[in-house]
K.L.:
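One structure is given below, represented as structure tokens, and several questions about it will come after.
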Amino acid sequence: MTDNLIQQAAEAIHNAQKIAVLTGAGVSKESGVPTFRDALEGLWAKYNPEELATPFAFKKNPKLVWDWYQFRRELVGKAKPNPGHFALAEIQKRYPHTVIITQNVDDLHEQAGNHDVIHLHGNIAENKCFDHCQGDPTIIDLKSLEWDEEAGPPACPHCGAHVRPNVVWYHEMLPEAAINRAYAISTACDVMIVVGTSGLVTPAATLPQIAKNSTDIPAQIIEVNPDYSMITRFADIKLEAPSGEILPQVIEALDNLTS
Ligand code: OAD
């Protein structure tokens with residue numbers, strides 16, 4: 001990693017009119033939350049998404065899916081933001097036009113101090129009615145329910161359907177307002193920082209291409225990822241290191257630019 005690339009990234013960020021940040025599981029890895037596709041420790045290396053992360057899987061075996069999400073909730077619940085999250089919060093503090101778009105279902109960006117975070121794939125701490133009986137989503141507060149936790153998911157107090165986590169599963173649409181806003185922000189930004197995503201899951205993975213190809217303002221793409229990803233081949237600046245290590249160095253470079 002050359003200091004020159006860190007310097008180039010800092011200059012692009014400092015000179016930007018509108019910054020978008022797209023994050024994936026990699027940004028939370030240094031907080032102890034496993035990614036999905038790491039060869040050894042990734043969740044999808046150990047578990048089959050078709051059995052755990054689709055509406056059909058939940059219908060077939062609600063208890064299995066519910067228990068798996070309870071396990072992940074505990075893991076995510078214990079996690080604290082790492083220096084990568086704090087650096088992104090610092091960027092938004094210094095450049096308030098910054099918007100964070102995340103594929104992550106944790107709230108580590110918010111815990112680090114970011115506001116205005118677009119959650120494309122939902123929020124693992126929340127629950128909703130499987131049949132969205134009172135509108136989509138019908139959020140259900142588990143604290144208001146009494147049920148046998150060993151038996152699996154509780155019943156929706158309005159209609160009796162199962163309660164499920166408020167996350168996006170395979171074969172499901174993303175929350176419309178969130179993805180539409182993400183498209184608009186990607187089209188309008190002049191710098192997009194893409195942190196810790198393999199770029200394999202659409203539509204989130206299309207956002208950097210949309211930003212880069214925008215006829216409004218073609219964005220410079222800064223990628224932060226220790227490995228090759230689908231973003232790497234068209235990134236303008238690649239910071240090839242873990243985000244918790246390299247993003248604080250970008251903040252230092254920003255300090256030097258402005259001092
Ligand atoms: P992946 O697991 O596909 O990719 C994680 C990326 O993070 C990889 O490219 C790693 O190289 C990179 N990475 C690992 N450690 C890192 C670190 N310390 N700093 C920065 N980058 C690091 O995760 P996502 O791209 O987020 O969808 O996956 C996208 C979606 O696929 C997820 O939101 C989830 C999953 O199925 C749903 O649940 C709908």
Side-chain angles (χ1 to χ4, degrees), residues 1 9 21-58 65 68-69 71-73 75-76 79 81-88 100-109 112 117-126 164-175 178-179 182 192-209 221-235 237-250:
M1 170 70 48
V21 180
L22 173 67
T23 66
V27 76
S28 296
K29 186 173 169 182
E30 288 153 278
S31 295
V33 182
T35 65
F36 293 93
R37 294 181 183 78
D38 274 7
L40 293 176
E41 292 164 11
L43 288 171
W44 297 155
K46 295 186 189 158
Y47 306 98
N48 180 354
E50 287 298 328
E51 282 172 19
L52 295 167
T54 75
F56 318 111
F58 185 72
V65 175
W68 190 69
Y69 275 91
F71 149 74
R72 282 190 54 212
R73 278 176 176 154
L75 200 88
V76 166
N82 68 59
H85 294 105
F86 286 115
L88 292 174
I100 309 279
I101 306 167
T102 189
Q103 298 166 83
N104 297 344
V105 293
D106 63 47
D107 67 348
L108 296 177
H109 287 305
V117 180
I118 301 176
H119 280 273
L120 294 177
H121 292 167
N123 177 343
I124 198 168
E126 290 178 350
R164 55 161 281 185
N166 184 23
V167 297
V168 175
W169 283 330
Y170 284 94
H171 313 296
E172 290 187 318
M173 305 292 278
L174 272 59
I179 187 64
M192 180 178 270
I193 312 172
V194 185
V195 188
T197 181
S198 56
L200 286 167
V201 175
T202 56
T206 63
L207 297 174
Q209 280 282 9
I221 309 294
I222 303 172
E223 187 188 26
V224 180
N225 194 319
D227 293 315
Y228 182 85
S229 79
M230 297 308 280
I231 315 301
T232 307
R233 59 206 162 91
F234 62 90
I237 302 170
K238 168 88 189 228
L239 302 178
E240 204 166 346
S243 44
E245 286 175 25
I246 203 77
L247 284 173
Q249 295 180 45
V250 174

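We count ligands from 1, going down the list as the structure has it; atoms in each ligand are counted the same way. Small disclaimer: the values here were computed from a predicted structure and weren't measured.
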K.L.:
Which of the numbered atoms in ligand 1 are under 4.0 angstrom from any heavy atom belonging to Glu30?
P.N.:
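What qualifies from ligand 1 is 17 (C), 18 (N), 19 (N).
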K.L.:
Supply the atom-to-atom distance Asn225 CG to Thr197 OG1, rounded to the nearest 0.5 angstrom.
P.N.:
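Answer for the CG-OG1 pair, Asn225 versus Thr197, is 8.0 Å.
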K.L.:
Just how far is it from atom CG of Leu52 to atom CZ of Phe71, taken to the nearest 0.5 Å?
P.N.:
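If I round to the nearest 0.5 Å, the distance is 10.5 Å.
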K.L.:
Closest non-hydrogen protein atom to atom 39 (C) of ligand 1, residue and atom name please, with distance?
P.N.:
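Looking only at protein heavy atoms, the one closest to atom 39 (C) of ligand 1 is Val168 O, 3.2 Å.
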K.L.:
Quick check: closest heavy atoms across Trp169 and Val65, and the distance to 0.1 Å?
P.N.:
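Residues Trp169 and Val65, closest heavy atoms: CZ2-CG1, 3.8 Å.
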K.L.:
How many angstroms lie between atom OG1 of Thr202 and atom CD of Gln209, to the nearest 0.5 angstrom?
P.N.:
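Rounded to the nearest 0.5 Å, the OG1-CD separation comes to 12.5 Å.
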K.L.:
So, for Gly26 and Ser243, which heavy atoms are closest and what is the spacing to 0.1 Å?
P.N.:
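Result for this residue pair: O-OG, 4.0 Å.
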K.L.:
Identify the protein heavy atom lying closest to atom 23 (O) of ligand 1, giving its residue, its atom name and the separation to 0.1 Å.
P.N.:
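Looking at atom 23 (O) of ligand 1, the protein heavy atom closest to it is Ala25 CB, 3.5 Å.
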K.L.:
So among Val117, Leu207, Val194, which one has a side chain to side chain contact (heavy atoms under 4.5 Å, CB included) with Ile101?
P.N.:
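Of all the options given, the one that passes is Leu207.
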K.L.:
Quick one: which ligand 1 atoms are inside 4.0 Å of a heavy atom on Thr35?
P.N.:
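The atoms of ligand 1 under 4.0 Å from a heavy atom of Thr35 are 2 (O).
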K.L.:
What atoms of ligand 1 come within less than 4.0 Å of a heavy atom belonging to Asp227?
P.N.:
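Listed by number with element: 11 (O).
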K.L.:
For Glu50 and His171, what are the C-alpha separation, side-chain angles and deciding distance, and is it a side-chain contact (heavy atoms from CB on, under 4.5 Å)?
P.N.:
CA-CA 10 Å; Glu50 287 298 328; His171 313 296; 3.6 Å; yes
K.L.:
Rounded to the nearest 0.5 Å, what separates atom CG in Asn48 from atom OG1 in Thr54?
P.N.:
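It is 9.0 Å, given to the nearest 0.5 Å.
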K.L.:
Taking distance alone, with N or O pairs closer than 3.5 Å, would you say Val195 contacts ligand 1?
P.N.:
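Min N/O separation from ligand 1 is not below 3.5 Å for Val195.
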K.L.:
What residue and heavy atom of the protein are closest to atom 13 (N) of ligand 1, and at what distance?
P.N.:
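The protein heavy atom lying closest is Gly26 CA, 3.7 Å.
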K.L.:
Which heavy atom of the protein is the closest neighbour of atom 32 (C) of ligand 1, given with residue, atom name and distance?
P.N.:
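The answer is Phe36 CE1, 3.5 Å.
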K.L.:
Could you tell me the residue and atom name of the protein heavy atom closest to atom 4 (O) of ligand 1, and the distance to it rounded to 0.1 Å?
P.N.:
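For this ligand atom, the closest protein heavy atom is Ser198 N, 3.4 Å.
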K.L.:
Is the shortest N/O to N/O distance between Ser243 and ligand 1 below 3.5 Å?
P.N.:
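Among all N and O atoms of Ser243, at least one is under 3.5 Å from an N or O of ligand 1.
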K.L.:
Could you give the distance from CD1 (Ile231) to NZ (Lys238), rounded to the nearest 0.5 Å?
P.N.:
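Atom-to-atom, Ile231:CD1 and Lys238:NZ are 9.5 Å apart.
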K.L.:
Going by the closest heavy atom to atom 31 (O) of ligand 1, which one wins out of Lys29, Arg37, Gln103?
P.N.:
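The option holding the nearest heavy atom is Arg37.
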K.L.:
Under 4.0 Å from a heavy atom of Gly196: which atoms of ligand 1 are those, numbered in the order shown and with their elements?
P.N.:
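Every atom of ligand 1 under 4.0 Å from some heavy atom of Gly196: 5 (C), 6 (C), 7 (O), 20 (C), 21 (N).
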K.L.:
Does Gly244 reach ligand 1, in the sense of a heavy atom lying below 4.0 Å from it?
P.N.:
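No heavy atom of Gly244 comes that close to ligand 1.
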K.L.:
Check ligand 1 against Gly24 and write out every atom of the ligand that is under 4.0 Å from a heavy-atom position of the residue.
P.N.:
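Close to Gly24: 26 (O).
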K.L.:
Examine ligand 1 and decide if any of its atoms is less than 4.0 Å from a heavy atom belonging to Val201.
P.N.:
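Distance cut 4.0 Å: Val201 passes for ligand 1.
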K.L.:
Quick check on contacts: which atoms of ligand 1 are under 4.0 angstrom from a heavy atom of His121?
P.N.:
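What qualifies from ligand 1 is 27 (O), 32 (C), 33 (O), 37 (C), 39 (C).
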K.L.:
Step by step, would you call Glu30 with Asn82 a side chain to side chain donor-acceptor pair (under 3.5 Å)?
P.N.:
CA-CA 6 Å; Glu30 288 153 278; Asn82 68 59; 4.9 Å; no
K.L.:
Pro242 heavy atoms, cut-off 4.0 Å: which ligand 1 atoms fall inside?
P.N.:
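Ligand 1 atoms under the 4.0 Å threshold to Pro242: 17 (C), 18 (N), 19 (N).
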K.L.:
Under 4.0 Å, heavy-atom basis, I'd like to know which part of Thr197 is in contact with ligand 1: side chain, backbone, both or neither.
P.N.:
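Both of them.
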K.L.:
Describe, in one word, how the ring planes of His85 and His109 are oriented to each other, choosing from parallel (under 30°), tilted (30 to 60°) and perpendicular (over 60°).
P.N.:
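Judged by the thresholds at 30° and 60°, the geometry between His85 and His109 is perpendicular.
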K.L.:
Of the backbone atoms (N, CA, C, O) and the side-chain heavy atoms from C-beta on, which set of Tyr170 has a member under 4.0 Å from an atom of ligand 1: side chain, backbone, both, or neither?
P.N.:
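Side chain only.
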K.L.:
Please state which protein non-hydrogen atom is closest to atom 11 (O) of ligand 1 and give its distance, to 0.1 Å?
P.N.:
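Answer, as residue, atom name and distance: Asn225 OD1, 2.8 Å.
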K.L.:
Which distance, rounded to the nearest 0.5 Å, do you find between the CZ of Arg72 and the CG of Leu43?
P.N.:
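Between Arg72 CZ and Leu43 CG, I get 5.5 Å after rounding to 0.5 Å.
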